[in-house]
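As structure tokens, the structure follows; a few thoughts come after it.
Keep in mind that the numbers below use all heavy atoms, side chains included, and drop hydrogens, waters and symmetry copies.
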Amino acid sequence: MKTTELPLPITAYFAADRQDPDAVGACFTADATVTDEGRTHAGRAAIRAWKAAASTQYRYTVEPFALETRDDVCTVTAHVRGDFPGSPVDLRYRFRIAQGLIASLEIAV
């Protein structure tokens with residue numbers, strides 16, 4: 001799947017994920033939430049901190065390969081490979097979009 005086939009806010013998220021935590025934070029609404037590994041991070045500052053911690057702890061690549069849209073939720077399944085326990089793994093990224101930005105993201109196996 002090409003990222004150009006994804007909705008623009010989701011394409012922006014995956015592009016920012018290869019850059020830095022500030023770029024990732026800019027993809028979200030001010031009161032957005034991210035749930036990953038059983039923890040919820042609320043607001044841009046917390047989302048930037050979550051991404052900074054993940055980026056310093058692990059190096060990884062993400063390759064989206066499927067998209068499913070139901071109601072206001074877009075689920076992207078991606079192959080994630082890196083130097084983390086359990087690599088490689090296919091993860092589901094559940095995005096809810098509001099006003100052209102990501103309002104919530106849940107990452108799960």
Side-chain angles (χ1 to χ4, degrees):
M1 158 175 271
K2 297 178 183 178
T3 56
T4 55
E5 298 171 8
L6 299 172
L8 188 57
I10 297 172
T11 299
Y13 169 81
F14 284 116
D17 191 43
R18 293 187 292 269
Q19 296 173 30
D20 61 54
D22 289 331
V24 170
C27 295
F28 290 85
T29 62
D31 60 348
T33 60
V34 171
T35 303
D36 183 32
E37 296 181 336
R39 299 176 118 183
T40 299
H41 312 275
R44 284 189 185 130
I47 291 168
R48 281 193 290 274
W50 157 75
K51 183 47 67 179
S55 296
T56 57
Q57 189 173 15
Y58 303 114
R59 288 183 295 174
Y60 57 90
T61 59
V62 180
E63 299 174 33
F65 65 85
L67 170 66
E68 179 182 339
T69 302
R70 283 193 189 185
D71 300 322
D72 65 343
V73 176
C74 295
T75 302
V76 176
T77 306
H79 191 69
V80 182
R81 178 182 305 274
D83 60 358
F84 57 88
S87 175
V89 64
D90 289 341
L91 296 179
R92 287 185 312 276
Y93 294 73
R94 289 184 190 95
F95 295 91
R96 191 172 54 77
I97 308 300
Q99 301 171 354
L101 295 171
I102 300 166
S104 68
L105 169 60
E106 296 177 32
I107 303 172
V109 177

Check: residues 19-30 side-chain donor-acceptor pairs under 3.5 Å, at least two apart:
{"residue": "Asp20", "atom": "OD1", "partner": "Asp22", "partner atom": "N", "Å": "2.9"}
{"residue": "Asp20", "atom": "OD1", "partner": "Ala23", "partner atom": "N", "Å": "2.8"}
{"residue": "Thr29", "atom": "OG1", "partner": "Asp31", "partner atom": "OD1", "Å": "3.2"}
{"residue": "Thr29", "atom": "OG1", "partner": "Ala32", "partner atom": "N", "Å": "3.3"}

Output a table of donor-acceptor pairs, distance under 3.5 Å, between side-chain atoms of residues 79-91 and any protein atom two or more places apart or on a different chain; print 'none' if there are none.
{"residue": "His79", "atom": "ND1", "partner": "Asp90", "partner atom": "OD1", "Å": "2.7"}
{"residue": "His79", "atom": "NE2", "partner": "Arg81", "partner atom": "NH2", "Å": "3.2"}
{"residue": "Asp83", "atom": "OD1", "partner": "Arg59", "partner atom": "N", "Å": "2.7"}
{"residue": "Ser87", "atom": "OG", "partner": "Gly82", "partner atom": "N", "Å": "2.8"}
{"residue": "Ser87", "atom": "OG", "partner": "Gly82", "partner atom": "O", "Å": "3.0"}

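Side-chain atoms of Arg92 never come within 3.5 Å of backbone atoms of Thr77 as a donor-acceptor pair (strictly under, hydrogens ignored).
When the side-chain hydrogen bond (donor to acceptor under 3.5 Å, both in side chains) test is applied to Tyr60, the partners found at least two apart in sequence or on another chain are Asp17, Lys51. Every residue two or more places apart in sequence or in another chain was checked for a salt bridge (charged side-chain N to carboxylate O under 4.0 Å, His left out) with Arg39, and none qualifies. Every residue was checked against the side chain to side chain contact (heavy atoms under 4.5 Å, CB included) condition with Ala49, not counting sequence neighbours, and none meets it. Applying the side-chain hydrogen bond (donor to acceptor under 3.5 Å, both in side chains) test to Thr35 and every residue at least two apart in sequence or in another chain returns Thr40. Partners of Glu68 by salt bridge (charged side-chain N to carboxylate O under 4.0 Å, His left out), not counting sequence neighbours, listed by chain and number: Arg70. The side-chain hydrogen bond (donor to acceptor under 3.5 Å, both in side chains) search around Asp36 returns Trp50, not counting sequence neighbours.
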Val76 vs Phe14, side-chain contact (heavy atoms from CB on, under 4.5 Å): CA-CA, chis, key distance, verdict: CA-CA 11 Å; Val76 176; Phe14 284 116; 4.0 Å; yes
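Between Pro9 and Phe95, the closest side-chain pair of non-hydrogen atoms is not below 4.5 Å.
For residues 100-109, there are no salt bridge (Lys or Arg N to Asp or Glu O under 4.0 Å) pairs, not counting sequence neighbours.
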